[in-house]
Amino acid sequence: MDNHCHLDFPAGDEPLSVDTRLQQAADAGVTRVVQIGCDLESARWTAEAVARFPEMLGGVALHPNDAAVLAAEGTYDEAFAEIAALAQGERIRVVGETGLDTFRTGPEGHDAQVRAFRDHIALAKELGKPLQIHDRDAHAEVIDILLADGAPEVTVFHCFSGDAAMARLAATEGWYLSFAGTVTFKNNDALRAAAAVTPLDHMLVETDAPFLTPHPHRGQPGSPAMAAITARTLAEVLEADLEAFCAQIWQTSHNLYGPW
């Protein structure tokens, strides 16, 4: 199960069709994906795609970096209203990705990101749908806002990048951690240490395709099929039987997002 991917994004110089990438994923044992639309164009694409591909559910939101740009342009309110409407679709099961990103957006966009994050938190709670968080270089503030506003019942840290202490806090709060190909990188012992203390029933696997391609394919476009590589690494970290690990990921995904 690929908990988070972007199949509307081109992948490489000669991108494959969505059908081909989904078939490659199925051949690798990855038979379900959550497609994330994180700006208006991709959210619209996602809403249409989930109706065409039975192996796909969707999520929609305004990415924090896009939210800052839209706020500066004076078009944020209109854009968020469209996201809120799309999020009501039956096969749109996620509000996200939303959160904070201080890596790509400077201080001038901070207040807009915070406002957007809080709007998406409120929307997820209103609709009773899971929230997927984008957290880049903003761990402490993301946590502070979740605790202050009250996290949705199902809260998922997409592409978790925190340390073991943050993973333990997430477990205490009942939040879910989704691990991407970054956990396979040789220099990422800290992330593997975080995975080691994450309860298996609160762990998810993703690709963020076409980004964050796992080792040994790092540098190439990612695809949902590569979730299988990340799953093997995580099973090794947890010293878990691979089949049992995959069965638990499958069950957790269905518990969170409902039937495909």
Side-chain angles (χ1 to χ4, degrees), residues 2-12 15 34-47 49 58-87 92 94-124 129-146 148-149 151-152 155-162 166 175 177-182 185 191 204 206-213 221-222:
D2 185 352
N3 173 70
H4 186 115
C5 61
H6 302 277
L7 293 181
D8 56 311
F9 286 23
V34 179
Q35 154 67 28
I36 298 296
C38 55
D39 59 32
L40 281 180
E41 183 178 355
S42 62
R44 294 165 186 154
W45 186 93
T46 298
V60 297
L62 298 175
H63 190 285
N65 293 316
D66 289 285
V69 172
L70 292 166
E73 294 173 347
T75 57
Y76 168 79
D77 288 337
E78 178 182 352
F80 181 76
E82 183 171 348
I83 290 294
L86 290 170
I92 299 296
V94 173
V95 174
E97 61 190 275
T98 179
L100 302 178
D101 187 319
T102 64
F103 179 81
R104 282 175 50 197
T105 297
E108 71 282 355
H110 174 265
D111 290 349
Q113 287 195 357
V114 170
R115 178 194 173 191
F117 188 22
R118 288 187 154 140
D119 285 347
H120 285 86
I121 290 172
L123 178 63
K129 295 187 177 184
L131 183 78
Q132 281 201 13
I133 293 174
H134 173 100
D135 165 24
R136 188 165 189 184
D137 294 353
H139 301 326
E141 189 170 13
V142 165
I143 290 169
D144 287 346
I145 290 172
L146 285 174
D149 288 24
T155 295
V156 178
F157 278 79
H158 136 67
C159 187
F160 180 71
S161 59
M166 184 175 172
W175 301 334
L177 304 184
S178 182
F179 290 87
T182 46
F185 296 174
L191 188 57
L204 295 162
E206 67 170 270
T207 60
D208 200 24
F211 312 108
L212 305 181
T213 304

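All heavy atoms count here, side chains included; hydrogens, waters and symmetry mates do not. Along the sequence shown, residues carry numbers from 1.
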What I'd like to find out is whether the side chain of [X] reaches to under 4.5 Å of the side chain of [Y], using heavy atoms alone.
X      : Y      : result
Leu62  : Thr98  : no
Asp144 : Leu146 : no
Ile121 : Asp119 : no

With salt bridge (Lys or Arg N to Asp or Glu O under 4.0 Å) as the rule and sequence neighbours excluded, what pairs involving residues 64-80 come up?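 Counting only pairs at least two positions apart or across chains, the salt bridge (Lys or Arg N to Asp or Glu O under 4.0 Å) contacts touching residues 64-80 are Asp77-Arg115.
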Check: [X]/[Y] side-chain N/O donor and acceptor closer than 3.5 Å:
X      : Y      : value
Asp101 : His134 : yes
Glu97  : His158 : yes
Gln35  : His6   : no

Apply side chain to side chain donor-acceptor pair (under 3.5 Å) to Thr105 and list each qualifying residue two or more places apart in sequence or on a separate chain.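 Thr105 satisfies side chain to side chain donor-acceptor pair (under 3.5 Å) with Asn65, Gln113 once adjacent residues are dropped.
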Cys159 and its side chain to side chain contact (heavy atoms under 4.5 Å, CB included) partner, picked from His4, Glu206, Gln132, Arg136: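 Running side chain to side chain contact (heavy atoms under 4.5 Å, CB included) over His4, Glu206, Gln132, Arg136 with Cys159 returns exactly one hit, Glu206.
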State the CG-CZ distance between Leu204 and Phe179, to the nearest 0.5 angstrom.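 One gets 9.5 Å once the value is rounded to the nearest 0.5 Å.
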Set of residues satisfying ring pair (Phe, Tyr, Trp, His ring centres under 6.0 Å) with respect to Trp45, sequence neighbours excluded: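 Trp45 satisfies ring pair (Phe, Tyr, Trp, His ring centres under 6.0 Å) with no other residue.
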Going by the rule salt bridge (Lys or Arg N to Asp or Glu O under 4.0 Å), which residues pair with Asp111 if we only count those two or more places apart in sequence or in a different chain?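 Asp111 satisfies salt bridge (Lys or Arg N to Asp or Glu O under 4.0 Å) with no other residue.
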Can you list the residues that meet the salt bridge (Lys or Arg N to Asp or Glu O under 4.0 Å) rule with Arg104, with sequence neighbours excluded?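 Scan of Arg104 (salt bridge (Lys or Arg N to Asp or Glu O under 4.0 Å), adjacent residues dropped) gives none.
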Sub-3.5 Å donor-acceptor pair from the side chain of Asp39 to the main-chain atoms of Ser42, do we have one?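 Side chain of Asp39 to backbone of Ser42, a donor-acceptor pair under 3.5 Å: yes, one is there.
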Which one of Thr213, Asp2, Asn3 satisfies the side-chain hydrogen bond (donor to acceptor under 3.5 Å, both in side chains) criterion with Thr207?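 The passing option is Asp2.
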Sort and list the pairs that fulfil ring pair (Phe, Tyr, Trp, His ring centres under 6.0 Å) and have at least one residue in residues 95-124, not counting sequence neighbours.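 Passing the test, one end in residues 95-124: Phe80-His120.
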